[in-house]
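One structure below.
First the proteins, then the strands, lettered A, B, ... as listed; each starts at 1. Excluded from the calculations below are hydrogen atoms, water molecules and symmetry mates; all remaining heavy atoms, backbone and side chain alike, are included. These numbers come from a predicted model, not from an experiment.
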There are 2 protein chains.
Amino acid sequence: MAKRSLSISDDQAIELAEMFRLMGDASRLKIVLTCLSKPRCVSDIATATKLSPSLVSHHLRLLRAARMLRAERQGKQVYYGAADEHVRCVIADMVAHVRETDSET
Amino acid sequence: MAKRSLSISDDQAIELAEMFRLMGDASRLKIVLTCLSKPRCVSDIATATKLSPSLVSHHLRLLRAARMLRAERQGKQVYYGAADEHVRCVIADMVAHVRETDSET
DNA sequence: AATTCATATGAAGTACTATTCATATGTTTG
DNA sequence: CAAACATATGAATAGTACTTCATATGAATT
């Protein structure tokens with residue numbers, strides 16, 4: 001494996017930052033984590049995160065627009081889950097990494 | 001290794017989100033990436049990122065406060081680098097992951 | 001010690017974003 | 001079809017954050 005280069009273009013930086021920015025809000029982060037392991041409907045996400053359904057819906061729209069989450073209607077409910085396996089992995093890994101770092105000290 | 005649980009406390013979510021938030025700005029992300037592989041002085045970071053020294057300094061203060069970067073004075077210059085090996089790894093991995101995802105499509 | 005270079009700090013303005021409340025859309029059930 | 005439920009959307013507000021410009025601090029050199 002070659003030495004990792006960390007230089008990126010301006011466009012890449014902006015795109016990358018956008019993904020981080022979405023995770024950079026506690027409400028959104030909790031929402032993402034809630035429906036990452038398995039799809040969850042909006043009201044369940046709201047209950048689990050203790051956020052209002054309206055607020056959850058607003059955030060879900062952003063996460064959906066960024067292709068991080070994917071929506072699927074089932075009757076009255078709409079289920080949200082990771083957009084794809086890769087997204088799931090990336091996010092799970094990021095969280096795991098940061099939690100490791102956090103629990104050291 | 002047990003099945004990864006992704007549930008986190010409110011405090012953890014806030015702390016985690018704070019780290020993501022810092023990476024969620026293109027200017028800051030570029031700054032971090034610039035001085036991650038080896039310590040760089042402020043003016044070099046400014047040149048590399050095409051940002052004003054003043055702006056770079058402002059952002060460096062935030063990154064330093066969050067213990068992501070570490071400052072060391074050498075004469076007139078102040079060199080900034082990863083606060084520790086773990087931080088370097090976490091950030092490099094996050095970037096690598098996201099770049100993989102990005103280059104697929 | 002005065003000047004010059006490098007970095008830091010402070011104030012100000014502009015823009016953005018999270019949240020709430022009210023309302024609308026869409027779906028099922030009686 | 002009406003009522004009830006789930007989700008989505010829109011407007012308004014309040015708090016925050018990025019950036020710039022001016023200025024200050026700190027270090028080296030002559």
Considering every strand and a 4.0 Å limit on heavy-atom distances, what is the contact class for A/S57: base, sugar-phosphate, or nothing? base

Please report, rounded to the nearest Å, how far the P atom of D/dA8 is from the CD atom of A/E72. 13 Å

Whole-Å distance, B/E18 CD to D/dA17 C1', equals 12 Å

Considering only heavy atoms from C-beta outward, does the side chain of B/D84 approach that of B/R88 to under 4.5 Å? no

Could you tell me how far apart A/L22 (CG) and C/dC16 (P) are, to the nearest whole angstrom? 16 Å

Rounded distance (Å) that lies between atom P of D/dA8 and atom CG of A/L62: 12 Å

Smallest heavy-atom separation, A/L36 atom then A/A82 atom, equals CD1-CB, 3.8 Å

Side chain of B/L60, heavy atoms from C-beta onward: which of C/dT9, D/dA6, C/dA8 has the nearest atom to it? C/dA8

Would you mind reading off the distance between A/I45 atom CD1 and D/dA6 atom P, rounded to a whole angstrom? 14 Å

Please report the closest heavy-atom contact between A/A71 and A/V78, naming both atoms and the distance. CB-CG1, 3.9 Å

Which residues pass the salt bridge (charged side-chain N to carboxylate O under 4.0 Å, His left out) test with A/R40, not counting sequence neighbours? none

To the nearest angstrom, how far is A/I31 atom CD1 from D/dA8 atom P? 11 Å

State, with a plain yes or no, whether a side-chain heavy atom of B/M68 is found less than 4.5 Å away from one of B/I91. yes

Give the rounded distance in Å between these two atoms: CZ of B/R61 and P of D/dA24. 18 Å

Taking only residues at least two apart or on different chains, which pairs with a member in residues 70-79 of chain B satisfy side-chain hydrogen bond (donor to acceptor under 3.5 Å, both in side chains)? none

Under 4.0 Å, heavy atom to any atom of DNA chain C: which of residues 74-83 of chain A qualify? A/G75, A/K76

Can you tell me how far CG of A/L60 sits from OH of A/Y80, rounded to the nearest 0.5 angstrom? 5.0 Å

Determine which pairs satisfy side-chain hydrogen bond (donor to acceptor under 3.5 Å, both in side chains) with at least one residue from residues 44-58 of chain A, sequence neighbours left out, and list them in order. none

Mind listing the side-chain donor-acceptor pairs of residues 17-35 of chain A below 3.5 Å, one per line with the distance, residues two or more places apart or on another chain?
from, atom 1, to, atom 2, distance (Å)
A/E18, OE1, A/R21, NE, 3.3
A/E18, OE2, A/R21, NH2, 3.2
A/D25, OD2, A/S27, N, 3.1
A/D25, OD2, A/R28, N, 3.0
A/R28, NE, A/L22, O, 2.8
A/R28, NH1, A/H59, ND1, 3.3
A/T34, OG1, A/K30, O, 2.6

Between A/R21 and C/dT17, is there a side-chain N or O to OP1/OP2 distance below 4.0 Å? yes

Protein proximity profile, nucleotides 19-25 of chain C - base contact B, sugar-phosphate-only contact S, no contact -, cut-off 4.0 Å on heavy atoms: SBBB---

